[in-house]
2 protein chains.
Amino acid sequence: MTTQILQSIKSIVSLNQNEEEAFVNILEVKQFKKKEFLLLEGQICDKIIFINSGCARIFYNVDGVENTFQFFFAERWYTDFSSFLTGQPTIENMQALEPCEVIQFKKKDLYQLYDTYPVFDRVGRILAENAFLSVSKLNQMLTNEEPEQRYLNLMSQRPEVVQRIPQHYIASYLGIKPESLSRIRKRILLAKER
Amino acid sequence: MTTQILQSIKSIVSLNQNEEEAFVNILEVKQFKKKEFLLLEGQICDKIIFINSGCARIFYNVDGVENTFQFFFAERWYTDFSSFLTGQPTIENMQALEPCEVIQFKKKDLYQLYDTYPVFDRVGRILAENAFLSVSKLNQMLTNEEPEQRYLNLMSQRPEVVQRIPQHYIASYLGIKPESLSRIRKRILLAKER
DNA sequence: TAAATTTCATAACCTAAGTCAACGTTTTTA
DNA sequence: TAAAAACGTTGACTTAGGTTATGAAATTTA
């Protein structure tokens, strides 16, 4: 159950037996059905989530319109770091798109680990840095790429998104309507045939 | 010269005299003329910049097209945290839009401070956290807002941008062409008249 | 301060995305 | 497994932004 998350941690730092046990002790395994919410806007995000299996999307809700901005698959870490840091309610929603098994742990337990085993400071810092790099990259794409180009890049760089995620969520991720994505796909198909 | 940056630091942590002197010792004051580059793509961003006066923009260069994604004024911190962390060359450009006086310090000097005075760990962490919050907010805007709405928000939330920054840079920040911003401004004006 | 450059606005036309509606297919659920 | 819901495509039409070109005003620079 905890094999994957331990492997992920150990790719960052090496843990001795005490440290590993202490870490495993704060872990909680949870199952979510399709469409269930792993995180709901308004909640305070006081946990860090690691996805064992399944996939989920993160979206903002603006006047009833859901703007998807990221997809997460197995082996990926997630927290709304803004809410996690500030203690303010989150405006992000995380929803299972397939049945999900996740491993999560609480902020307060992590902070206790920080105090007992300094090695976890480094884990926390690196997770935070990765979160930063991930959002920065997303912003780069949003700033520099048109929807059609983003879709082409998605196909080549993250094929599992195009294969596993329903198109209307991908459209939302690209900042366009499902009808427009449908047209883009048609354009791409026609271009290929020539 | 160093009054503003010290004040900014002291709003985060309190420093004793030794710590303050050690910090002031790593500071370097620099002047930039209008249009000069404080950071150029391809460089490794191994410094943190604090703006004393003037203003600057950050942009990506994509096939000769400059995509502006942030403006900085006095009292603001800047580093390309991605390049700073990874040691990879930056793809960000920082260009003075007005004559600028900045205070900067090097990564290696900061890391020495970390080792000597633990209080600076907290400074570094909080600057990093703020950097994250800032990119998250940008992501929110890019994901949730249309150019016209973003311009209206810019006018009310950051009037100094609209007042001091040439329109074609603002257009780029909004992800549109100067001609389109001109039309948006006209639309807003007409709407006001009614 | 005169010339050069930059900035901004506007017009005409083009293009991609939005909107609305219809319809067939796939998936979910009772 | 039958009915309901969700999903994806297409068409007709609208709209916002892109492109190209022109010119005036403001700012910079020599």
Side-chain angles (χ1 to χ4, degrees), chain A residues 32-36 54-55 57 59 62-68 71 95-100 142-152 154-155 161-193, chain B residues 32-36 54-57 59 62-68 71 95-100 142-155 161-193:
Chain A
F32 292 90
K33 292 180 195 151
K34 193 169 170 173
K35 305 234 172 176
E36 276 189 326
C55 69
R57 70 179 177 126
F59 68 93
V62 181
D63 304 327
V65 178
E66 298 181 349
N67 295 323
T68 300
F71 302 108
Q95 185 185 33
L97 296 183
E98 297 175 7
C100 283
L142 289 169
T143 304
N144 294 328
E145 294 168 13
E146 298 299 309
E148 181 159 344
Q149 190 55 50
R150 276 185 79 197
Y151 185 69
L152 288 166
L154 204 60
M155 287 201 296
V161 171
V162 178
Q163 283 151 20
R164 286 168 64 179
I165 307 284
Q167 267 184 54
H168 64 287
Y169 294 134
I170 298 181
S172 170
Y173 173 76
L174 298 173
I176 57 179
K177 300 288 162 187
E179 296 91 331
S180 296
L181 176 54
S182 193
R183 280 183 214 121
I184 286 178
R185 284 161 53 86
K186 200 174 178 182
R187 273 208 300 274
I188 292 174
L189 212 66
L190 287 175
K192 260 190 191 167
E193 280 170 12
Chain B
F32 293 90
K33 291 180 195 151
K34 191 169 171 172
K35 305 233 172 177
E36 276 189 325
C55 69
R57 69 178 177 127
F59 69 93
V62 180
D63 304 327
V65 179
E66 299 180 350
N67 295 324
T68 300
F71 302 108
Q95 184 185 35
L97 296 182
E98 296 175 5
C100 283
L142 290 170
T143 304
N144 294 329
E145 293 168 13
E146 298 298 310
E148 181 160 344
Q149 190 54 51
R150 277 185 80 196
Y151 185 69
L152 287 166
N153 293 347
L154 202 60
M155 285 200 299
V161 171
V162 179
Q163 283 154 18
R164 285 167 66 178
I165 308 283
Q167 268 185 54
H168 63 286
Y169 294 133
I170 298 181
S172 169
Y173 173 76
L174 298 173
I176 57 179
K177 300 288 162 187
E179 294 90 333
S180 296
L181 177 54
S182 195
R183 279 188 287 231
I184 286 178
R185 284 162 51 87
K186 200 176 178 180
R187 274 208 298 274
I188 293 174
L189 213 67
L190 288 174
K192 261 191 191 167
E193 280 172 11

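Every chain is numbered from 1 and lettered A, B, ... according to where its sequence line falls, protein lines coming before strand lines.
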Exercise for the section: Run through A/Lys34, A/Lys35, A/Arg57, A/Arg164 and flag the one making a salt bridge (Lys or Arg N to Asp or Glu O under 4.0 Å) with A/Glu98. Expected result: A/Arg164
Practice task
Kindly say if B/Gln167 contacts the phosphate of C/dA9, meaning a side-chain N or O under 4.0 Å from OP1 or OP2.
Solution key: yes
Handout entry: Approximate separation, where rounding is to 0.5 Å, of A/Lys186 NZ and A/Leu181 CG
Key = 13.5 Å
Problem - Atom pair distance, as rounded to whole Å: CZ in A/Arg185 and C1' in C/dA17 - result: 17 Å
Exercise for the section: Without swapping roles, check the side chain of A/Gln149 against the backbone of A/Glu146 for a donor-acceptor pair under 3.5 Å. Expected result: no
Handout entry: Spacing of B/Ser180 atom OG and B/Arg183 atom CZ [to the nearest 0.5 Å]
Key = 4.5 Å
Practice task
State, yes or no, whether a side-chain contact exists between B/Val162 and B/Tyr151 at a heavy-atom distance under 4.5 Å.
Solution key: yes
Completion exercise
Between B/Val161 and B/Phe71 the two heavy atoms that sit nearest each other are CG1-CD1, 3.7 Å
Handout entry: Atom-pair distance (CD on A/Glu148; P on C/dG18), nearest Å
Key = 13 Å
Exercise for the section: Nearest whole angstrom, please: distance from the C1' of C/dT10 to the CG of B/Leu190. Expected result: 13 Å
Fill in the blank from the handout: Closest non-hydrogen contact found for A/Asn144 with B/Asn67 is OD1-ND2, 2.8 Å
Exercise for the section: Calculate the interatomic distance between A/Leu152 atom CG and C/dA16 atom P; express it in whole Å. Expected result: 14 Å
Handout entry: Options C/dA17, C/dT7, D/dT10, nucleotide nearest the side-chain atoms of A/Lys186
Key = D/dT10
Problem - For the student: nearest non-hydrogen atoms of A/Cys55 and A/Cys100, plus distance - result: O-SG, 3.4 Å
Problem - Atom-to-atom span, CD1 of A/Ile184 to C1' of D/dT9 - whole angstrom - result: 14 Å
Practice task
Decide yes or no for B/Ile165 and B/Tyr173: does some side-chain heavy atom of the first lie under 4.5 Å from some side-chain heavy atom of the second?
Solution key: no
Practice task
Could you check which residues of residues 173-182 of chain B get a heavy atom under 4.0 Å from DNA chain C? Sort them by number, please.
Solution key: B/Glu179, B/Ser182
Completion exercise
Between OH of A/Tyr169 and C1' of C/dT27 the distance, given in whole Å, is 13 Å
Practice task
Can you tell me the distance, in whole Å, between the CG atom of A/Leu189 and the C1' atom of D/dT9?
Solution key: 13 Å
Fill in the blank from the handout: Axis-to-axis angle across the helix from C/dT1-D/dA30 to C/dA30-D/dT1, five pairs each end, nearest 10 degrees, ~ 60°
Fill in the blank from the handout: In whole angstroms, the gap separating P of D/dG17 from CD of B/Gln149 amounts to 12 Å
Handout entry: A/Arg187 vs C/dA17: side-chain N/O to OP1/OP2 distance below 4.0 Å
Key = yes
Exercise for the section: May I ask you to verify if any side-chain N or O of B/His168 is less than 4.0 angstrom from the OP1 or OP2 atom of C/dT6? Expected result: no
Exercise for the section: Locate the shortest heavy-atom distance separating B/Phe59 from B/Thr68; write the atom from each residue and the value. Expected result: CB-CA, 3.6 Å
Handout entry: Side-chain donor/acceptor contact of B/Arg183 with base of D/dG18 under 3.5 Å
Key = yes
Exercise for the section: Decide yes or no for B/Ile184 and B/Leu174: does some side-chain heavy atom of the first lie under 4.5 Å from some side-chain heavy atom of the second? Expected result: no
Filtered N/O pairs between nucleotides 23-30 of chain D and protein, under 3.5 Å:
{"from": "D/dT28", "atom 1": "OP1", "to": "B/Lys34", "atom 2": "NZ", "distance (Å)": "2.9"}

Practice task
For atom CD of A/Glu66, decide whether the heavy atoms of other residues, nucleotides or ligands shown that lie under 6.0 angstrom number more than 12.
Solution key: yes
